[in-house]
Protein chains: 2
Amino acid sequence: MHNNLGAIEATADACYNIAAVERDTGLSKDTLRVWERRYGFPKPLRDRHDERLYSLPELEKLRLLRLLIDSGHRPGKIINRSVSELTQLLSSRAPAQNTPPEIQVMIELLLRHDVENFRNALQQALMKQGLLRFVSETVTALNHWIGEAWLAGRVAIFDEHLYSEHVQNILRNAIIAQPGRGSAPRVLLTSLPGEKHRIGLLMVEAVLAAEGAACVALGTETPVIDIKNAVPAYEVDIVALSFSSAVTQSAALAGLSELRGLLPDGTEIWGGGGALARTRKAPEGILLLRSFDDMRYALERWRVEHARR
Amino acid sequence: MHNNLGAIEATADACYNIAAVERDTGLSKDTLRVWERRYGFPKPLRDRHDERLYSLPELEKLRLLRLLIDSGHRPGKIINRSVSELTQLLSSRAPAQNTPPEIQVMIELLLRHDVENFRNALQQALMKQGLLRFVSETVTALNHWIGEAWLAGRVAIFDEHLYSEHVQNILRNAIIAQPGRGSAPRVLLTSLPGEKHRIGLLMVEAVLAAEGAACVALGTETPVIDIKNAVPAYEVDIVALSFSSAVTQSAALAGLSELRGLLPDGTEIWGGGGALARTRKAPEGILLLRSFDDMRYALERWRVEHARR
DNA sequence: ATTGTGCATTTGTCATGGACATTATTGAGT
DNA sequence: ACTCAATAATGTCCATGACAAATGCACAAT
């Protein structure tokens, strides 16, 4: 489909079509074409129908560029540098700041691909700290470090995937193990389309479960309309949305406002996560949560307000 | 961003731009534009810069069309029918075949949005049947039913999301609870970009864990190159990929072949899932698994072949 | 009755180049 | 130092044409 299996080519590795490159780099087709037009890179070969065929080195350089752009560089400044220069740029980023030793140990294990002991270390931290502290300290710190290291190219994608899977396992396990069914308020938890990070969501669920709220977790990427429909179906009091730093602040705020317009006034909307960390003023009718403590206060407030009846 | 908050419009609901519609319907921008050109639907309003503004009814009809096309209808035949006709088409699909009573009970609970009891029913089934039978019977049947019902529009997206989350919780919990660390072979588990369904992957992981294999689970959507890099890093013997029916058979086979070309001969590649169910002949060097029993045999075979050393 | 083959039609993806929205950067004015 | 406007950069959208890939159909062969 997107490569010429069996066809003998002058350059055997020029075999990625534009759709494959979009998938593997996260750069849209439009962006790929406009870069070629403006900056002259990438300059893929063409097949007999004039369709682009990217080579493996091009694809790798594009992935490097993507990383650098995500960490703040501008395309025009770096797109025509050599791969070795780009690699150097990546590694010259500021190293991680002071990380507590327990975190350091876990990171070591992850980088050594020592799956079993990494899992054990997580589990032990959870046991030692309890769910609330585990989430608000250990997982938060790990997330932060992994995000940094990913931008700096120190961890591979698959390391990050593995990390995510294991933290999910631990958190989901801990959530199930919470005593009691959870009572008021009922909170619907999800993210909007485009936001794929599940860990933030699970962290919120863990804290809410620990505080005895009833969670309805819908996973990631629920379209706004479906959230609207889910609210009456599950009779929830609060909709909580998570936005990682992968989304822009404006996109997050627009999504929140759109949802606010669709939900009844009695339903609260809470938003939190990296994308909203620097937001000063919340849109009308939205509660911004900048920390897990914020969330616990908000929960407390809700319960006080709805106690008398 | 994608809606005109505050701006007063003749039709207040014409506020979705093409990117928002792409996200919420899964239809590509190219497809949306070409439908408009060829069939005259959708016919969005334009903003002052001639950019498309889709209305809510259009968006809803597009989602309906998407459902029908996924279940086998052709765009040209149905695109100009009315919403009520389309709804009728959906509901006139073949009803679910004979479902065992326990499954029926769970479905009832899910449709009634009775989160707690649904969870309990799953947990009880797991206890009663053990992990292997729970996966190969109950979860398989539920998946099948939910997939059907989703196509037929009998369950909402949020129901499906909730289902997925709960089954994930149960399976991940069960996997962690497996005794022992797992020994040879080491199996890397993931899916290719575009394949977002996690449950199939977790089912495989559960079965492998129950059989005592060591799993390295990377979650969904790992680019092929990253799989290639992960194989030596985690020293895996086998790469197992899952393809749900949401992917086309040809895309699945192309992905498998591409991966085969990148991995050393000593590393086995296993593929399974709905997309490959009807595939007769596996590509060279790929092992197709059509059932969980197939997988257990394959595991057995691998262990026999690698026993002497 | 089922399976295979070739042809016609349908449908989605890709290409081009221009326009402009959005986001960052720069520079001037409190 | 901070805010705000002007400027530059970057990405998204548009129209239209072309064609690859998927599907359906008619007919032959098992």
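Numbered from 1 within each chain, the chains take letters A, B, ... in sequence-line order. Hydrogens, waters and symmetry mates play no part in the numbers below; they use all other heavy atoms, side chains included.
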| query | Does B/S28 make a side-chain N or O approach to OP1 or OP2 of C/dT13 shorter than 4.0 Å? | reply | yes

N/O contacts under 3.5 Å, protein versus nucleotides 16-20 of chain C?
unit_1: C/dT16; atom_1: OP2; unit_2: A/R52; atom_2: NH1; d: 3.3
unit_1: C/dT16; atom_1: OP2; unit_2: A/R52; atom_2: NH2; d: 2.7
unit_1: C/dG17; atom_1: N7; unit_2: A/R37; atom_2: NH2; d: 3.1
unit_1: C/dG18; atom_1: N7; unit_2: A/R37; atom_2: NH1; d: 3.0
unit_1: C/dG18; atom_1: O6; unit_2: A/R37; atom_2: NH2; d: 3.4

| query | Does A/K29 put a side-chain nitrogen or oxygen below 4.0 Å from OP1 or OP2 of C/dC14? | reply | yes

| request: Find the distance A/F41:CZ to D/dT10:C1' and express it as a whole number of Å. | output: 17 Å

| In whole Å, what is the span from the CD atom of A/E22 to the P atom of D/dT12? | 10 Å

| request: Using whole Å, report how far CG of A/L27 lies from C1' of D/dG11. | output: 11 Å

| Distance from A/L288 atom CG to A/L256 atom CG, nearest 0.5 Å? | 7.5 Å

| Between C1' of D/dA15 and CG of B/L32, the distance in whole Å | 15 Å

| task | Specify the separation, in whole Å, of atom CD1 of B/I79 and atom P of C/dT10. | result | 14 Å

| request: Give the intermediate values and the outcome of side chain to side chain contact (heavy atoms under 4.5 Å, CB included) for residues B/R63 and B/I157. | output: CA-CA 11 Å; B/R63 284 154 63 99; B/I157 299 193; 3.8 Å; yes

| remark: Across all chains, not counting sequence neighbours, the salt bridge (Lys or Arg N to Asp or Glu O under 4.0 Å) partners of A/E160 are none

| task | Tell me, yes or no, whether the heavy-atom count around B/Y297 atom OH, taken from other residues, nucleotides or ligands under 6.0 Å, exceeds 12. | result | no

| said: If we check side-chain contact (heavy atoms from CB on, under 4.5 Å) with A/L27, which of these qualifies: A/I69, A/L65, A/L62? | reply: A/L62

| query | Distance check: side-chain N/O of A/T31 vs OP1/OP2 of D/dT12, anything under 4.0 Å? | reply | yes

| Whole Å only: how far is the CG atom of A/N17 from the P atom of D/dC19? | 18 Å

| Counting just side-chain N and O atoms, does B/Y39 come under 4.0 Å of either OP1 or OP2 of C/dT11? | yes

| Length of the line joining A/R66:CZ and D/dT10:P, which is rounded to integer Å | 15 Å

| B/H161 pairs by side-chain hydrogen bond (donor to acceptor under 3.5 Å, both in side chains) with which of A/T190, A/T222, A/T220? | A/T222

| request: Would you mind telling me which residue lines up with the more 5' stretch of DNA chain D, B/K77 or A/K77, judged by nearest nucleotide? | output: A/K77

| field | Nearest-Å distance for atom pair CZ/P, residues B/R74 and C/dT10 | value | 9 Å

| said: Which residues pass the side-chain hydrogen bond (donor to acceptor under 3.5 Å, both in side chains) test with A/T140, not counting sequence neighbours? | reply: none

